[in-house]
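The sequence lines fix the lettering, A, B, ..., with proteins before strands; numbering per chain opens at 1.
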Amino acid sequence: MIEIRDVHKWFGKLHVLKGISLDVHKGEVLSVIGASGSGKSTLLYCINRLEPIQSGSVRVDGVDVYDRKTNVNHLRRNLGMVFQQWNSFPHLTAVQNVMLAPRRVLKKSRSEAREIAVRQLEHVGLGDKLNNYPSALSGGQQQRLAIARALAMEPSYMLFDEATSSLDPELVGEVLDTMRLLAEEGMTMICVTHEMGFARDVSDKVAFFHEGTIEELSPPQEIFNNPQSEHTRKFLANVR
Amino acid sequence: MSFDYNFHWRPVFKSLPDLIWAGMTTLQVAALSMLIGIVLGLLLALVRMHGHGSYRWVATTWIELARNTPALFQLFFFGFGLGAFGIHLAPFYIVLCGLSFNNAGYLAENFRGGLQSVPHTQVRAARSLGMGIVRTYVSIVVPQVLRIVYHPMTNQMVWAVLMSSLGMLVGFRELSGETQFFASRTFRIFEYFAVTAVLYYIIVKIILGASRLLAWRLFRY
Amino acid sequence: MSATAPTATFFSSFSSKDLLFLGEAALNTLQISAISIGLGTLAGLIFGWLLYEGKLWATLTLAPILDIFRSVPLIIQLVLFFNFAPIIGLRLDPFQSGIIVLTIYTAALVAHVVRGGLESVGEPLHRAARSLGMTYWQDTFFVVPPIALRAVFPSWVGVALGVMKDSALVSVLGYVELLKASQILITRTQEPFIILLCAGAFYFALSFPVARYAAYLERKWAV
């Protein structure tokens, strides 16, 4: 379970997160929507401590993320992350991309790591691209590679940071399908997204971010059919 | 008097084995100075990027001096200049120090450019997988930097070979020094230096060829 | 020794006359560099353009010849030419020999840079120019230069500064430029540190600001 309590974050003088509190239970899929710059992505980076926060607390399975004594590398194994820019490692083949962390972080043997990598690549539908370098893959394939790379650590949670925003429109579908598949398999996910269809169909809860606060948090049917806040209504009217 | 020069190649060919041997010395001092230059250059680049106060000042000064004064001046400094402090280096060490100093300065700037060109998002991605900072550098950043700086490094190696010819001005018997030694004994200056020019050309081509072969093996992406 | 009373030794053995001697030598360095860089750049522009045009004979003859000058140490080129000139009946002093060799050397380096710069002007731009009804020559003289200049100029500055520093090697022919003068003075006064400091400072003062400015331009133009 991820528990976020009253988190505040500043970038210099810019107050990006203004007291965020949020719970995500095991098996839940939470979609985070809202305008660009509303702090959605920053919140994700605060869950695995890629960004420091100024006050508040984040707990993952009861472990305080910002406690000095917490081994952050240990923590991050359990939190898979997929980025907007695919960030595949260009100097490694697809299978090497996925093998790297199991080998070097989890200290698995070469054959074991390879087995995991092959399984995860097949999982995301890249079983035939094992030995391709990222430069030979499309954007959608690279993003699925990034998903496989995160899954290879066998995380309990997956964090998606606008995973489809940098993709050409015709490639968005294949990545969303992969994310859907994970959700159906029961993965706990937090998805920062601009894909309203995905948020509506797949999520258990949808959070609407507005200027550093959670303006509205409800099941998708409610937030899309009967938005309570004026800001939510305006936003949804604009993206449709 | 003008066009009746008689070329004498025989003495040159007789000393060819010595010249080739001296060519090995040239390669040796150039390669050694590259190794030292790579280590120091990486250090200088990191200190210039992340260092503070006097450390940073030392790194910046080193880099700018190496890049903005003649290589011969740098050699003279390790030759006569250190003499002012009672330090007298053997010719080999004058050349090795001079070339290493120069290589480090030029390579540092190449490394700095390489390090800056690896996107920060790559580091983030690696960290999100639970990799530590050292592991991230070793597995993700350095291999990508290596590819970017590979070509400039090859060029610097060629430069090191060409610069090592200055050894003849400080009494080091590398290829040029050896050539001068034979030339001054036989007065066949043109012939000796012509052959030496060919030898340098061959050495440079071998380096470039080997580098291309290695790159082909190394960078498959 | 100089550490205890540097100023005293400075004035005792290193006179103002010596400083004048160094100054004149510095002017020699400037002069031989300026002439060689000027002539070499002109030749390099032409060679670079020929290489870019990629005529078969240019690739087969000019390219390998220029390559030789980039693959043989300058000092060897100087000695070789200085000793070759009398063989074909040319009576040249060290200054003239130095100018000729440095000019060819500069030309070889500049040609390389210019070719790269011209190649950086993409085909679409040529097509755009020609589609506006420009002739080949109008394209070559009015469209290409401003764009190629941005790619070439910073590298050219690097080449020019390199030649300025490498001009020190003409001393091997006995020409008294700055470093040769320093060497002579060091032998006479036994004051290596101060003399080298003066010489080094001169090169640095010339090279550093120009290199910085070129780097600044490169950054500015990169956008």
Look up atom [atom1] in [X] and atom [atom2] in [Y], then write down how far apart they are to the nearest 0.5 Å.
| X | Y | atom1 | atom2 | result |
| --- | --- | --- | --- | --- |
| C:L169 | B:S165 | CG | OG | 7.0 Å |
| B:F77 | C:F193 | CZ | CZ | 5.0 Å |
| B:I189 | C:L80 | CD1 | CG | 11.0 Å |
| C:I195 | B:F80 | CD1 | CZ | 10.5 Å |
| C:L74 | B:L162 | CG | CG | 9.5 Å |
| C:F204 | B:N68 | CZ | CG | 5.0 Å |

Exercise for review: Mind running side chain to side chain contact (heavy atoms under 4.5 Å, CB included) on C:S207 and B:T69 for me, showing each step along the way?
Suggested key: CA-CA 7 Å; C:S207 171; B:T69 58; over 6 Å; no
**Study point:** Residue-level contacts of residues 175-184 of chain C with chain B, using a heavy-atom cutoff under 4.5 Å
**Key:** C:L179, C:Q183
In terms of heavy-atom contacts, does [atom1] of [X] have more than 12 from other residues, nucleotides or ligands at under 6.0 Å?
| X | atom1 | value |
| --- | --- | --- |
| B:Y150 | OH | yes |
| B:H151 | NE2 | no |
| B:F219 | CZ | yes |
| B:F7 | CZ | yes |
| B:H50 | NE2 | yes |
| B:M24 | CE | no |
| B:W21 | CH2 | no |

Review point. What part of C:R212 is in contact with chain B, defined as an atom under 4.5 angstrom from a non-hydrogen atom: side chain, backbone, both or neither?
Key: side chain
Point to revise | Proximal component of B:M163, with respect to chain C [non-hydrogen, under 4.5 Å] | key: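 The answer is neither part of B:M163.
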Check your understanding: Which of residues 191-208 of chain B get closer than 4.5 angstrom to chain C, counting heavy atoms alone?
Key -> B:F193, B:A194, B:T196, B:A197, B:Y200, B:Y201, B:V204, B:K205
Point to revise | Residues of residues 29-37 of chain B contacting chain C, heavy-atom criterion under 4.5 Å, by residue number | key: none
Please list every donor-acceptor pair under 3.5 Å in which a side-chain atom of residues 83-90 of chain B meets a protein atom from a residue at least two apart or in another chain.
none

Exercise for review: Under 4.5 Å, counting heavy-atom pairs only, tell me which of C:L197, C:D67, C:D166, C:L206 racks up the most with chain B.
Suggested key: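 When all of C:L197, C:D67, C:D166, C:L206 are compared, C:D67 has the most.
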**Study point:** Largest heavy-atom contact set with chain C, pairs under 4.5 Å, which of B:Q180, B:E64, B:R67
**Key:** B:E64
Exercise for review: Using a 4.5 Å cut-off on heavy atoms from C-beta on, say whether the side chain of C:I186 contacts that of B:F76.
Suggested key: no
